[in-house]
Amino acid sequence: MKNAPNQRGAAAPPDAAEIGTGGELHQHGGDPLTTNHGMPLSDNQNSLRAGDRGPTLLEDFALREKIFHFDHERIPERIVHARGSGAHGFFECTAPIPGLTRASLFQTKGERIPVFCRISTVAGGAGSVDTPRDVRGFAVKFYTHEGNWDLVGNNIPVFFIQDAMKFPDLIHAVKMESDRGFPQAGSAHDTFWDFVSLMPESTHMIMWAMSDRAIPRSLRMIEGFGVHTFRFLNDAGTSTFVKFHWRPRLGLQSTLWDEAVKLAGADPDFHRRDLWEAIDSGSFPEWDLAVQTFDQELADTLQYDILDATKLIPEEIVPLKVVGRMVLDRNPTNFFAETEQVAFMPTNIVPGIDFSDDPLLQGRMFSYLDTQKSRFGTTNFHQIPINAPKCPVANFQRDGLMQNLVPTGRANYEPNSLDLAGENRGPRPSAAAFTTYPEPVDGPKVRVRSETFADHYSQARMFFRSQTPVEQTHIVSAFVFELSKVTLPHVRTRVLANLVNVDAELAGRVAAGLGCPVPPASRAAREPIDLELSPSLSIVNKALATLSGRRVGILFTDGSSSDDIAKVAADVRAAGATPVLVAPRLLQVGTTPKAMDADGQLAGTPSVTCDAIAIIVTEQGAAALAADAVAVQFVADAYAHLKAIGHTAEAQALLDSAHVGSSDGVVGLGPDFIEAARRRFYERDVARGS
Ligand code: HDE
């Protein structure tokens, strides 16, 4: 009889040969409940006590094991990027580039390899909300044939600082303040603005952080960037510089600040839920992976340094070439085992890809391995299934805390001559393996910042002036909001003095919003220049007209036509979106001819959770909803948040109560509504002059 590892047959005890390797967790219904050591337990409700009202006995090893394990369930959360959501998927090479790189994943058109992707906020703790104004981490682990390649990037193509030496200061400044323990997950406080105002190199990144990029609609609708310049190496060892870009197939989309704030209350897990539900329903998020490749000659023509992570190379100068796509098609089986325990490291690199001398990247190459030792307490974290490569691992590293492998043979050092020809001599280095690009290096050992890193304002200016007017207004509002929370006047003044170097009008508008004078420009290490604008940096310019992957709220109430509701829901589905039925009551709403259930009760499903709304009501229904503050807010918010509103003619009383004027995007139901729902109506924002 063969026994399953964690099961014991009631009859004859298994002999040693019959006991499996064991240890795997059986969760099948009806399996005997056991201790961690595999012993079946008869009672999971009561501790062992002396008499039914007596003290608990120290002997109760089952109670002690259970509580002991529970007490140690947490591992240290990530110092940064603690709050994240992950998913499995695949990367498919769509346009091989063997001339540029010998990396195995870019060789064969159509070849798919598994990936795990984790998208995160930066500043907040693991339990913080999903929608603060923050950078999003965008980390992908590619399980290639030649080891794991981790592309650990962000949704913004530049960074706050140029040198790893300043990273702990930056993070200390943005995280909750050390005496008071707040604010959580927010940059709108003294220490952050104090630090960045003293670090003019952060100005370009600050412009991005104040833009709508930092308040995304969905993790499925963000871009991703490797940020640093890397190298590709081909078979001949030729090096080409490369920057990596992820482009969402669903289009880039952000919320408005008011939406982000309301979402934080309506659904603190909005992004995590959105990603989970999309994958769960088979609507798999997808990104193109594109590269910008260039050589030293091109690098020499640029007015900034390609090793400076506070600079980007506009795609108008070096166009993007799509080389593959990533599809996330499977939710994690277990959040802790996978999303929490995944350990990304920029040093996880594969043959054909190499680092550049970017001083920020160089510092990261120490930090990630080091931090994993704190998080996992052992050097063996690479053996955890989510981190283990899906190709052979062969070396002489041995032992250590939580060693899960059982190496065979005598050879645990190299070279050895234990078994000259045979298996037992162990692995050897091979000439075809990873080799570092032999870049000549020469110079004195110094602690200096290169002169070529000195221009802190020109790209910030280029970014601001490349935005559409409505996006510029959002940036101004974000500065006003954040600086209004700063209590130290000299910090506000210093930020404004830096902004004058970016754009005098920007500084003037922010100062006007705060009600203070515009100070003289701060002294710039290098005078900013006017670079060519880059329209591709605007979200609005490249917004896709699509409903795909979006949510459309359908507000109805007693008396609404169930046929009309079904029709709009079908149209929404046909456009690739999810209809969300919202009513003042969850169940048995008195629609005709057939009563219907809602997906969400009105107060629990505000319109911020949707991308467009349809109002399907009778005159009576409209009158009832017009008297309901929650319904009025539902409609007013959809309008203020620039969303399409489709409605029955009878809905007018509700529209009037919500002060919805006649405007583009406020339409009847039918094809007009589906068409309108594909976009946001930025004209309303301009008209409002916010
Ligand atoms: Fe990170 N960063 N970082 N970072 N980073 C971490 O590693 C660090 C930087 C990024 O979903 C930590 O495992 C230093 C840039 C992402 O698990 C830590 C510096 C970019 C994630 C660390 C940087 C990133 C991290 C914390 C300056 C974009 C989350 C936990 C030299 C290109 C990955 C961990 C995940 C996580 C250090 C700057 C992206 C402490 C020292 C620039 C997406 O090792």
Side-chain angles (χ1 to χ4, degrees), residues 75-88 115-126 134-141 148-175 199 201-202 204-205 208-209 213-214 219 222-230 242-246 271-272 275 307-312 328 332 335-349 355-377 381-382 384 386-387:
I75 60 173
E77 68 175 34
R78 290 164 177 81
I79 299 169
V80 279
H81 299 268
R83 168 91 187 162
S85 304
H88 297 270
V115 299
F116 187 79
C117 173
R118 182 174 182 274
I119 304 180
S120 46
T121 55
V122 176
D134 199 356
V135 182
R136 297 304 184 282
F138 194 121
V140 181
K141 191 180 281 294
N148 291 349
W149 174 41
D150 292 356
L151 183 55
V152 196
N154 281 340
N155 74 328
I156 290 179
V158 290
F159 202 64
F160 294 98
I161 48 170
Q162 297 172 322
D163 189 308
M165 193 68 144
K166 298 313 298 169
F167 191 66
D169 298 297
L170 166 72
I171 299 306
H172 287 172
V174 71
K175 284 232 164 202
M199 298 288 296
E201 71 201 52
S202 65
H204 186 197
M205 177 70 164
W208 285 78
R213 297 262 179 170
L219 303 180
I222 60 172
E223 292 184 341
F225 304 89
V227 177
H228 313 280
T229 298
F230 291 86
V242 56
K243 281 184 172 277
F244 295 102
H245 298 246
W246 291 108
H271 284 158
R272 182 174 291 179
L275 182 66
L307 301 183
D308 173 358
T310 67
K311 308 293 186 300
L312 55 87
L328 298 181
F335 182 86
F336 179 84
E338 299 174 305
T339 310
E340 192 58 23
Q341 292 205 113
V342 66
F344 292 98
M345 301 192 291
T347 39
N348 277 350
I349 201 116
F355 313 106
S356 71
D357 294 339
D358 173 343
L360 200 65
L361 176 59
Q362 296 276 322
R364 293 180 74 200
M365 286 160 60
F366 165 71
S367 181
Y368 291 68
L369 177 62
D370 187 52
T371 208
Q372 307 314 346
K373 172 66 175 54
S374 277
R375 293 185 56 225
F376 298 101
F381 64 89
H382 61 278
I384 294 170
I386 195 69
N387 295 323

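Sequence positions, counted from 1, serve as the residue numbers for this chain. What you see below is based on every heavy atom in this structure, not just the backbone, and it leaves out hydrogens, waters and symmetry mates. Both counts, for ligands and for their atoms, begin at 1 and track the order of listing. Not measured: the values here are computed from a predicted model.
Residue-ligand proximity: Gly84 is placed with every non-hydrogen atom at 4.0 Å or more from ligand 1. Not a single heavy atom of Phe366 sits less than 4.0 Å from an atom of ligand 1. Heavy-atom distances between Met345 and ligand 1 stay at or above 4.0 Å for every pair.
Within the 4.0 Å heavy-atom criterion, both parts of Val80, backbone and side chain, lie near ligand 1.
The closest protein non-hydrogen atom to atom 33 (C) of ligand 1 is Phe344 CD1, 3.8 Å. For atom 8 (C) of ligand 1, the nearest non-hydrogen atom of the protein is Phe167 CE2, 3.3 Å. Nearest protein neighbour of atom 40 (C) of ligand 1, counting heavy atoms only, is Ser367 OG, 3.6 Å. With respect to atom 34 (C) of ligand 1, the closest heavy atom belonging to the protein is Thr371 CG2, 3.4 Å.
Between Gln372 and ligand 1, a contact under 3.5 Å exists for at least one N or O pair. Considering backbone and side-chain N/O of Asn154, none are found under 3.5 Å from N/O of ligand 1. Taking distance alone, with nitrogen or oxygen atoms compared against 3.5 Å, Tyr368 approaches ligand 1 more closely than that limit.
Distance check: Gln362 CD to Ser367 OG gives 13.5 Å after rounding to the nearest 0.5 Å. Here the OG-CZ distance, from Ser120 to Arg136, works out to 9.0 Å after rounding to the nearest 0.5 Å. Taken to the nearest 0.5 Å, the OG1 atom of Thr371 stands 9.5 Å off from the CZ atom of Arg78. In this structure, Ile384 CD1 and Gln372 CD are separated by 9.0 Å, a value rounded to the nearest 0.5 Å.
Figure legend: cation-pi geometry between Lys243 and Phe225 absent, as NZ or CZ is not positioned both under 6.0 Å from the six-membered ring centre and within 45° of its axis.
Qualifying side chain to side chain contact (heavy atoms under 4.5 Å, CB included) partners for Lys175, counting only residues two or more places apart in sequence or in other chains: Ile171.
Atom numbering of ligand 1 starts at 1 in the shown order; those under 4.0 Å from a heavy atom of Ala164 are 31 (C).
A donor atom on one side chain and an acceptor atom on the other are found under 3.5 Å apart for His228 and Arg364.
Heavy-atom proximity to atom 24 (C) of ligand 1, evaluated over Arg118, Met205, Arg364, is greatest for Arg364.
For an aromatic pair to be called close, the ring centres must be under 6.0 Å apart, and Phe244 with Trp149 satisfies this.
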